[in-house]
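So the structure is just underneath, and the comments pick up after that.
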Amino acid sequence: MREAIKQAVTALEKGEVPVGAVVVYKNKIIARGHNQMETLHDPTAHAEMIAMTSASERLSEDSEKHRGSLEGCTLYVTMEPCPMCAGALVMTKCSSVVFGARDLKAGACESLYRIPQDERLNHRLSVLGGVMEEDSKTLLREFFLELRQKSKGLKPL
């Protein structure tokens, strides 16, 4: 999770919502990502999506037969995945997700929905929330406080 937080700091430094993610396979980080929605002008460029795409590419490099699934992988992300990212976790057959801050407005792993554990879907994964939650929340608070101050014409703290 510490590496995911480093990715969130990178996002913050770039003026993006500070969410970071890493994918771990066989106890090694194989992919990293941070929010890039503003940078790429792409509302789907969430940290999780970038990390999952990178991990799929990395795993596919090792074998022509590999379809890019994330079986055996764990995604660590600083904020609870939204419905899009939770759905992608299911579709990639990721084994587990570990997240920091809960997202009471759009969280799709525990807060609003439980997509990764929905028995109607063809794959389920384990979910662990609240890991290093305060560290993740602090970055998000800092970002949104500064954003509100800028919108009011105030100098950032």
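We're numbering straight along the sequence, starting at 1.
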Sort out for me which residue in V97, L89, L75 forms a side chain to side chain contact (heavy atoms under 4.5 Å, CB included) with E48.
L75

Separation between CE (M49) and OG1 (T92), nearest 0.5 Å, reads 9.0 Å

Please report the closest heavy-atom contact between M52 and A88, naming both atoms and the distance.
CE-CB, 3.6 Å

Let me confirm one number: the SG-NZ distance from C73 to K93, rounded to the nearest 0.5 Å.
13.5 Å

Does M91 share a hydrophobic cluster with L59, counting links as ILVMFWY side-chain heavy atoms below 4.5 Å and allowing steps through other members?
no

Applying salt bridge (Lys or Arg N to Asp or Glu O under 4.0 Å), run through R124 and E119 and close with a yes or a no.
CA-CA 7 Å; R124 280 163 292 291; E119 292 182 9; 5.8 Å; no

Is a side-chain N or O of E3 found less than 3.5 angstrom from the main chain of I29, in a donor-acceptor match?
no

How long is the span from the CG atom in L70 to the OG atom in S95, to the nearest 0.5 Å?
8.5 Å

For the residue pair F143 and G15, what are the closest heavy atoms and their distance?
CE1-O, 3.7 Å

Y25 atom OH, over 12 foreign heavy atoms within 6.0 Å
no

Quick one: does Q7's side chain have a donor or acceptor within less than 3.5 Å of a partner on R32's backbone?
no

Return yes if some donor-acceptor pair links the side-chain N/O of D118 with the main-chain N/O of R120 below 3.5 Å, else return no.
yes

For the side chain of H123 and the backbone of C94, is there at least one donor-acceptor N/O pair under 3.5 Å apart?
yes

Heavy atoms of M132 and R2 approach each other most closely as CE-NH1, 3.1 Å

For the residue pair A101 and K137, what are the closest heavy atoms and their distance?
CB-CG, 3.9 Å

Of all heavy-atom pairs linking E110 and V127, the shortest is OE2-CG1, 3.9 Å

Determine, using the 4.5 Å side-chain heavy-atom cutoff (strictly less than), whether I50 and V24 are members of one ILVMFWY cluster.
no

Side chains of L145 and E142: closer than 4.5 Å at any heavy-atom pair?
no

hydrophobic_cluster_shared for M79 and M37, side chain cutoff 4.5 Å:
no

Once you round to the nearest 0.5 Å, how far does OG1 of T138 lie from CD of E133?
10.0 Å

Keeping the roles fixed (side chain from E80, backbone from F99), state whether a donor-acceptor pair exists under 3.5 Å.
no

With rounding to the nearest 0.5 Å, note down the distance linking CG in L12 to CG in L139.
6.0 Å

Mind checking the CD1-SG spacing from I115 to C82? Nearest 0.5 Å is all I need.
8.5 Å

Of the non-hydrogen atoms in P116 and C109, which two are nearest, and what is the gap between them?
CG-SG, 3.6 Å

Any donor-acceptor N/O pair, N35 side chain to V17 backbone, under 3.5 Å:
yes

Backbone of G20 reached by a side-chain donor or acceptor of T78 within 3.5 Å:
yes

Is V19 close to H46 at the side-chain level, that is, under 4.5 Å between some pair of heavy atoms?
no

Any heavy-atom pair between the side chains of D103 and L112 that's under 4.5 Å?
no

